Amino acid sequence: MEPQLNLVRLKTMYEKMVLIRKFEERIIELVQEQGRIPGMQILANGQEAVAVGIIESLNAEDVIVSNHRSHGHLLAKGADPKYLMAEIMGKSGGVNKGKSGTLHLAVPEVNALMTSTVVGAGPPLAAGAAFAQQYRDEPNITVVFFGDGAAAEGSVHEAMNLAALWKLPLLFVCENNCWAGAQSYSQHCSIGNIAQRGIAYDMPGEYVDGNDVEKVYDLAVSMTDYCRKGKGPALIEAKTYRMRGHGENDHQHYVDKEELVFWTKKCPIGNLKEKMLKEGLITEDELQVVETVSKAIVDEAVAFADESPFPYAEEALDDVWVK
Amino acid sequence: MEPQLNLVRLKTMYEKMVLIRKFEERIIELVQEQGRIPGMQILANGQEAVAVGIIESLNAEDVIVSNHRSHGHLLAKGADPKYLMAEIMGKSGGVNKGKSGTLHLAVPEVNALMTSTVVGAGPPLAAGAAFAQQYRDEPNITVVFFGDGAAAEGSVHEAMNLAALWKLPLLFVCENNCWAGAQSYSQHCSIGNIAQRGIAYDMPGEYVDGNDVEKVYDLAVSMTDYCRKGKGPALIEAKTYRMRGHGENDHQHYVDKEELVFWTKKCPIGNLKEKMLKEGLITEDELQVVETVSKAIVDEAVAFADESPFPYAEEALDDVWVK
Amino acid sequence: MAQLSFGQAVNNALDLAMSMDESIFLAGEGIGVSIHYDPNMPSHGLLEKYGPKRVKDTPVSEAAIAGLAVGASCMGLRPVVEIMFLPFITLATDMLVNHAGKLRYLSGGKSTFPLTVRVKAGVNFAAGCQHSHNLEAWLAHSPGLKVVFPSTPEDAKGLLLSAIFDPNPVIVIEEMGLYWGKGEVPEGDYRVPIGKARIAMPGKDCTLVCYGGATVTALEAAAILSKENIFLEIIDLRSLVPLDRDCLLNSVKKTGRLVVLHDATKFGGFGAEIAAIVAEDAFKFLKAPIKRVAAPDIPVPFSPTQEKFYKPSARMVVDAVKSITG
Amino acid sequence: MAQLSFGQAVNNALDLAMSMDESIFLAGEGIGVSIHYDPNMPSHGLLEKYGPKRVKDTPVSEAAIAGLAVGASCMGLRPVVEIMFLPFITLATDMLVNHAGKLRYLSGGKSTFPLTVRVKAGVNFAAGCQHSHNLEAWLAHSPGLKVVFPSTPEDAKGLLLSAIFDPNPVIVIEEMGLYWGKGEVPEGDYRVPIGKARIAMPGKDCTLVCYGGATVTALEAAAILSKENIFLEIIDLRSLVPLDRDCLLNSVKKTGRLVVLHDATKFGGFGAEIAAIVAEDAFKFLKAPIKRVAAPDIPVPFSPTQEKFYKPSARMVVDAVKSITG
Ligand SMILES: Cc1ncc(C[n+]2csc(CCOP(=O)(O)OP(=O)(O)O)c2C)c(N)n1
Ligand SMILES: Cc1ncc(C[n+]2csc(CCOP(=O)(O)OP(=O)(O)O)c2C)c(N)n1
Ligand SMILES: [Mg+2]
Ligand SMILES: [Mg+2]
């Protein structure tokens with residue numbers, strides 16, 4: 001374990017990962033109970049270490065820009081699970097009053113101001129946020145999460161060039177989960193490591209084992225430090241894996257079963273748990289508490305969401321304009 | 001001089017460069033004679049060696065996709081100066097019946113099927129053309145010319161990724177003329193050499209002195225050979241300079257005069273002429289013939305264009321659809 | 001005739017076209033290997049049948065997908081590419097509007113672009129406003145592009161085949177909600193001419209113009225109204241560009257009344273064009289104001305209660321018709 | 001009051017706004033250092049005055065320019081960005097339509113996007129169809145975006161100031177051909193409310209609705225017609241979204257006749273919306289068919305003879321008006 005990563009932090013990160021996992025496992029159950037959740041659910045199962053490791057390196061004032069796979073990012077940043085769950089269910093108590101649903105959850109309370117399900121849209125939006133931070137001489141930075149698939153979008157290139165040119169305090173985090181929909185990495189991307197694209201903008205680019213929260217955190221600390229010092233943007237490619245289909249109706253008929261087994265063994269939560277146990281950093285009792293607490297949080301979130309009514313139909317007309 | 005570049009070829013390239021220069025110098029005169037040419041004229045003055053060096057490495061069947069600065073590319077590819085000049089003047093005898101003008105000249109007769117003045121649009125169009133060549137197992141390749149400014153457009157990134165992924169027979173030629181409108185290279189681009197972006201797609205990328213037609217030709221031969229062999233796309237960055245403003249109304253108030261002097265001394269035509277004279281490859285008489293012939297060609301083009309009537313107004317309604 | 005779902009009908013058209021003409025290829029995100037494993041999805045099974053040379057999964061690059069179509073069509077191929085959902089077509093509009101629609105004109109008629117772009121539309125799948133946004137009015141306002149928007153399995157097949165073999169760029173909008181619904185579909189190389197509307201139901205009291213998924217709503221409304229002895233003439237446009245003006249005008253000349261229905265937002269929607277044509281060219285036959293039934297001018301909300309509210313209903317059509325009849 | 005050209009009026013608005021509010025910055029291609037050295041160009045001299053921190057020349061990256069505006073506005077700045085010419089806005093439509101116009105809604109009203117996008121339009125500068133293409137109808141059909149299109153120096157200043165300080169995204173379309181034309185412009189923080197049309201000329205016989213550069217054509221037509229004792233009421237819309245429906249409807253109620261004029265192509269153009277509103281809400285006052293005078297449904301041709309043919313003329317307006325009056 002790196003020196004800057006003390007035990008308290010490691011446990012916090014473990015707790016957050018477990019919360020994300022439980023939150024999304026509950027979504028899976030709710031989807032199976034026909035009709036309890038409208039629409040597609042894009043889950044971060046297996047990718048928790050990326051969200052948690054990166055965001056643990058940030059301050060509360062730092063901004064994140066997320067994408068369609070946002071639950072992990074938002075929970076890690078401190079979003080209230082109750083309001084998220086209610087939003088995912090389309091309830092009026094949701095963080096966005098039911099206007100968004102899972103795909104574009106914005107939680108300005110925790111500086112997650114913009115989330116877009118348009119693949120590749122995050123980076124230019126994030127460049128705008130980072131520009132505002134630079135313009136106001138703030139000490140804060142912006143982090144944008146996007147997928148390996150998104151890296152093929154033109155908007156990502158434009159944002160990287162602009163950010164590098166203007167030395168914006170912007171950390172690009174590419175979550176390479178080996179898939180873009182049903183297209184595997186090698187079917188959509190022309191290079192081995194997306195991190196290498198940093199060279200194309202004279203920006204540092206490094207990849208990391210995205211299933212190892214400690215390694216993600218360590219790299220994030222050095223990269224965010226770089227951005228925060230005004231040196232310009234940086235790029236992290238976190239290599240991880242999407243454990244479920246793209247949406248709960250996707251039964252991954254196109255996925256090699258051995259690949260799934262391989263990555264199941266690399267579970268970011270299971271491995272950290274084992275390691276902490278082995279090294280005596282945590283006890284079975286403590287682990288049980290983490291489970292119990294996160295289950296309680298998720299129970300509470302679902303109860304809140306269940307109780308929240310659907311929004312009035314006519315309220316659909318609100319919130320387009322600032323009046 | 002490289003072995004593959006024999007004297008005949010060198011003279012041909014010289015002649016072509018002179019023709020392009022004279023053709024455009026005549027445009028400058030016509031612009032000054034108020035009203036003889038409608039619209040903005042974007043000239044390749046100073047960049048002739050790129051067009052000629054690259055295109056000399058191609059076969060007649062190879063396709064080129066050009067941009068707003070196309071006169072050189074098209075003349076080098078063999079377009080008839082008469083029809084170009086008439087088009088530039090908006091005459092019915094123009095290669096595109098007056099529908100295009102200078103900015104989007106298409107000359108399918110010489111396999112210049114698509115020209116776009118939307119900066120950055122060429123590369124995806126060219127990927128489509130190269131795909132067709134690959135699909136039909138043709139031995140031909142496509143070359144797309146774009147500027148240093150265009151390199152910032154998202155479409156260029158998408159096209160490079162796609163071309164590299166599918167190993168399309170496509171040569172990307174970035175004419176880095178140090179300017180994008182009134183923005184100098186370092187104001188719009190985050191890296192020193194655009195050629196370096198090849199790394200981002202696992203595609204060879206090299207830069208070359210774009211004012212030295214022999215060097216351009218040599219690099220083009222090896223790169224087109226690479227593409228033609230089915231190894232995939234390649235990227236050439238030709239470093240050159242835009243000697244005139246962006247349009248004849250641009251008086252370059254923002255350009256360092258010493259920079260202009262520096263590049264005037266690097267004139268691709270003047271330097272080649274001197275070199276050939278010095279090495280006894282050409283005589284003063286022969287040079288005179290080249291001047292005379294190209295002047296005659298340009299005279300003929302202008303005469304043709306002058307005689308050609310403006311198109312009938314109502315014919316504006318034609319050519320939208322294949323009926 | 002066969003009973004096929006809308007999605008199967010599209011699939012059948014693609015399959016047939018590909019078997020008839022080697023110059024046709026498909027490209028798009030998940031057009032070959034898809035997260036859906038469902039024979040009602042338009043390209044189901046075609047990768048297996050035609051192989052990866054002709055069925056090309058692409059990176060997530062809408063501009064490049066459209067550019068690929070433009071460039072390849074100019075070289076004589078017949079690309080059939082897919083942009084996944086209508087709001088993402090924004091990313092391809094430069095290629096479609098400034099290039100597919102204009103490069104032929106710019107060439108003085110020398111170059112041709114026989115390409116087809118398929119794109120999915122729909123406001124009823126709980127995905128929110130970045131997946132659901134009917135932008136057909138944009139495409140219809142872009143010179144050089146043809147636009148079709150079928151509402152039945154038969155037309156889905158017939159229009160797609162016409163689109164693929166049309167020498168011009170054609171945008172085919174497919175209403176996702178219809179993919180699973182079945183209908184009679186002629187076998188073989190069946191074509192529905194682009195530019196011809198369909199009278200989905202003849203009637204005498206009021207003309208109702210619609211297209212795509214809204215046709216279902218229109219038929220529902222007609223059923224309700226017929227019980228009250230009000231008989232709608234439903235025109236399913238099928239093609240927005242070129243538009244079957246004659247069919248439209250003749251119907252209004254007969255009924256004297258017009259209601260236009262679409263799922264897109266009202267302000268500046270395609271319905272405005274229909275209303276404007278009639279107010280211009282059939283004015284003296286009009287007995288009552290022209291009514292438009294369309295979505296409110298807001299993004300598509302996510303919550304089911306609100307998404308339902310957003311989508312124009314049969315009830316709204318009934319009310320609109322009644323407000324101008326009797 | 002000062003005599004300013006349209007371009008100077010825009011410049012004056014930018015200058016004033018920047019001096020009033022530190023959170024305003026400009027960004028765009030050549031917004032600082034320009035190939036034009038002309039005080040009639042909107043951002044002339046502002047780089048020198050406000051420095052490179054607040055006047056940002058950008059790479060040629062329309063999506064990033066628009067994204068910059070969306071992201072920075074969400075953080076509380078007031079970006080004023082430029083997309084050089086209307087056809088290039090296609091490259092920014094995802095950012096503008098799916099993001100600027102929707103992210104507030106998606107946040108349930110929590111995030112705000114006080115951004116302004118300036119974009120140049122015009123069909124009269126011999127640059128062909130990839131530089132000239134009036135797409136205001138697209139933007140007007142996009143929920144969450146306001147759209148203004150001034151026709152005089154005074155309105156150019158007043159609407160731009162309103163746009164910049166509006167808490168919502170506003171697209172300001174500037175007719176390039178007008179940049180050099182002069183008019184009286186109020187000094188200081190002068191604002192023209194967004195959503196209010198202007199009666200450019202009162203009249204009794206026929207309402208003529210127009211905006212932007214077409215207003216000049218309308219005034220020409222009115223002068224011709226007045227000699228024949230036909231008096232046009234010219235409504236210069238100024239704002240397309242929100243639209244001043246009252247002004248429009250009141251005028252038609254008075255005159256009983258409507259001609260709509262714009263430089264955009266006719267089919268699916270913004271004029272259709274105007275016609276549709278009137279056919280819906282002022283039908284019983286209409287004494288004659290509604291006429292639209294607009295460009296033919298083709299790309300803008302280059303050749304001067306053809307470009308002139310393309311642009312709707314005063315003569316065409318006169319003919320349209322006469323066909324429905326008298
Ligand atoms: C512009 C755009 N194109 C297509 C889609 C459909 N789509 C949703 S997710 C996805 C795959 C994205 O892959 P990646 O960026 O790797 O993210 P992941 O889902 O793997 O996290 C696609 C193509 C979209 N939402 N936006
Ligand atoms: C999409 C788009 N944005 C902006 C412009 C306006 N424009 C025309 S040329 C030019 C500069 C292009 O620079 P570069 O690509 O280096 O080409 P060069 O003119 O130097 O040959 C710009 C911004 C355009 N034509 N298209
Ligand atoms: Mg992925
Ligand atoms: Mg350049």
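Predicted, not measured: the structure shown is a model, and the values here were computed from it. Protein chains get the first letters and strands the later ones, always in sequence-line order, with residue 1 at the start of each.
Both the backbone and the side chain of C/Lys266 come within less than 4.5 Å of a heavy atom in chain D. Using a 4.5 Å cut-off between heavy atoms, D/Leu103 touches chain C through its side chain atoms alone. With a 4.5 Å cut-off on non-hydrogen atoms, C/Leu258 does not touch chain D at all. For chain D, no part of C/Leu96 is nearby; none of its heavy atoms comes within less than 4.5 Å. Both the backbone and the side chain of C/Phe267 have a heavy atom closer than 4.5 Å to some heavy atom of chain D. In this structure, chain C has a heavy atom under 4.5 Å from the side chain of D/Leu106, while its backbone stays farther away.
Across C/Ala92, C/Ala288, C/Pro87, the residue that shares the most heavy-atom pairs under 4.5 angstrom with chain D is C/Ala288. Contacts with chain C were tallied for D/Pro299, D/Ala275, D/Ala276; D/Pro299 has the most, counting heavy-atom pairs under 4.5 Å. No other option in D/Gly271, D/Gly144, D/Gly101, D/Gly269 has as many heavy-atom pairs under 4.5 Å with chain C as D/Gly269. Of the residues considered (D/Ala264, D/Ala279, D/Ala140), D/Ala279 shows the highest number of contacts with chain C, using heavy-atom pairs under 4.5 Å.
Counting only distance, with no hydrogens or angles, the side chain of C/Lys102 and the backbone of D/Cys129 share a donor-acceptor pair below 3.5 Å. At distances below 3.5 Å, not a single donor-acceptor pair connects side-chain atoms of D/Thr90 with backbone N or O atoms of C/Thr93.
Partner of D/His141 under the side chain to side chain contact (heavy atoms under 4.5 Å, CB included) criterion, out of C/Asp297, C/Thr265, C/Asn134: C/Thr265 alone.
The shortest side-chain heavy-atom distance between D/His131 and C/Asn98 does not fall under the 4.5 Å cut-off. Residues D/Asp94 and C/Phe88 have side chains not in contact (no heavy-atom distance under 4.5 Å, counting atoms from C-beta outward). Taking the side chain as every heavy atom from C-beta outward, C/Gln130 and D/His99 approach each other to under 4.5 Å. Side-chain contact between D/Leu139 and C/Trp138: absent, with no pair of heavy atoms (C-beta onward) separated by less than 4.5 Å. D/Ile290 is not listed as a side-chain neighbour of C/Phe283, based on a closest heavy-atom distance of 4.5 Å or more.
Interatomic distance, D/Lys291 NZ to C/Glu280 CD, rounded to the nearest 0.5 Å: 5.0 Å. To the nearest 0.5 angstrom, D/Met95 atom CE is 8.0 Å from C/Leu91 atom CG.
When the heavy atoms of residues 206-214 of chain D are compared with those of chain C, none of the residues falls under 4.5 Å. Residues from residues 300-310 of chain C that place a non-hydrogen atom less than 4.5 Å from a non-hydrogen atom of chain D comprise C/Val300, C/Pro301, given in numerical order.
Counting all heavy atoms, side chain and backbone alike, C/Glu273 lies closest to D/Gly268 at OE1-N, 2.6 Å.
Open room surrounds NZ on D/Lys196; 12 or fewer heavy atoms of other groups in view lie less than 6.0 Å from it.
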